[in-house]
Amino acid sequence: YQGRVLGCINVASHVTPQFTPFARRALEVISAEIGNIAVFFKNKLALRQSERNWHTILNAVDDLVMMVDPLGRLVTANETFSRYLRKPVEELAGIEIVKFLRPEVVELRKKNLEKVLTERRMVRVVEEIDNIWRENSLYPIFGDDGQVHRVVIYSRNINEQKRYEEALRTSEEKYRGLMESLDNVVISIDRDGVLLFANDHVARVFGQAADVMIGRHVRDLLPDRKS
């Protein structure tokens with residue numbers, strides 16, 4: 001098959017004369033066809049194993065993962081997505097996923113899919129629906145013709161991340177308020193001596209606004225010392 005030996009056919013005959021050219025040619029044709037069939041089934045088995053491996057990986061993820069065609073119709077999805085909609089994936093295949101969405105988010109999801117198809121690149125969108133924050137990443141899959149044939153959508157719940165960010169923001173605001181209330185010079189610098197933070201008292205001492213000083217080296221703020 002394509003220059004490779006896939007097997008060997010051993011033919012024995014009780015007749016003394018060798019095979020005729022016609023018989024030999026017939027055997028060669030049969031051998032070639034057997035080779036084609038063997039490769040076909042080998043590739044089919046490899047594809048099945050690949051699909052099993054793919055689904056195993058997908059089902060190990062707690063986030064929503066689905067694959068759609070350019071029209072937004074579901075091709076396949078992981079078990080998390082199936083549990084989310086309370087329906088088996090087999091019943092969902094071929095249905096537009098926007099049919100399971102609330103009307104106010106349908107247009108946004110359609111625009112995201114269209115953006116992937118037209119710009120032919122990954123698109124990431126963060127959105128909040130019913131106090132649930134999700135990060136949706138859409139990845140294009142290209143066919144042999146170079147066109148986008150499928151889009152994989154990975155939807156991750158980032159509520160915990162948002163809570164952490166909000167807690168950090170609140171903590172920073174409290175810290176800044178405390179530092180600003182002190183009647184002492186309070187600054188924060190990095191390892192290279194670049195100013196990261198300065199309270200209002202520093203601004204009064206140096207006669208410059210704090211936001212003007214941020215990003216400058218501390219030595220640039222000190223008066224020149226001449227011997």
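Just the heavy atoms: all of them, side chains too, but no hydrogens, waters or symmetry mates, feed the values below. Keep in mind that this is a model prediction, so the values were computed, not measured.
In this view, Ala209 and Asp211, Val212 satisfy the side-chain contact (heavy atoms from CB on, under 4.5 Å) rule, not counting sequence neighbours. The side chain to side chain donor-acceptor pair (under 3.5 Å) check on Arg120 picks up nothing, with sequence neighbours excluded. The salt bridge (charged side-chain N to carboxylate O under 4.0 Å, His left out) test applied to Arg163 returns Glu160, not counting sequence neighbours. Contacts of Arg86 classified as salt bridge (charged side-chain N to carboxylate O under 4.0 Å, His left out), with partners at least two apart in sequence or in another chain: none. Leu113 meets the side-chain contact (heavy atoms from CB on, under 4.5 Å) test with Val68, Leu117, Val151; sequence neighbours excluded. Every residue was checked against the side chain to side chain donor-acceptor pair (under 3.5 Å) condition with Glu114, not counting sequence neighbours, and none meets it. The side chain to side chain donor-acceptor pair (under 3.5 Å) check on Asn136 picks up Glu127, Ser155, with sequence neighbours excluded. With sequence neighbours left out, the salt bridge (charged side-chain N to carboxylate O under 4.0 Å, His left out) criterion links Glu90 to no other residue. A search for side chain to side chain donor-acceptor pair (under 3.5 Å) contacts involving Asp69 returns Arg73, not counting sequence neighbours. When the salt bridge (charged side-chain N to carboxylate O under 4.0 Å, His left out) test is applied to Lys162, the partners found at least two apart in sequence or on another chain are Glu165.
Connectivity analysis of hydrophobic side chains (ILVMFWY, heavy atoms under 4.5 Å, direct or indirect) links Ile158 to Val126, Trp133.
Every pair passing salt bridge (Lys or Arg N to Asp or Glu O under 4.0 Å) that includes a residue from residues 147-159 is listed here, sequence neighbours excluded: Glu135-Arg156.
Put simply, the side chain of Phe81 reaches to within 4.5 Å of the side chain of Leu92, judged on heavy atoms.
Residues Asn131 and Asn159 come closest through the heavy atom pair O-ND2, 3.6 Å.
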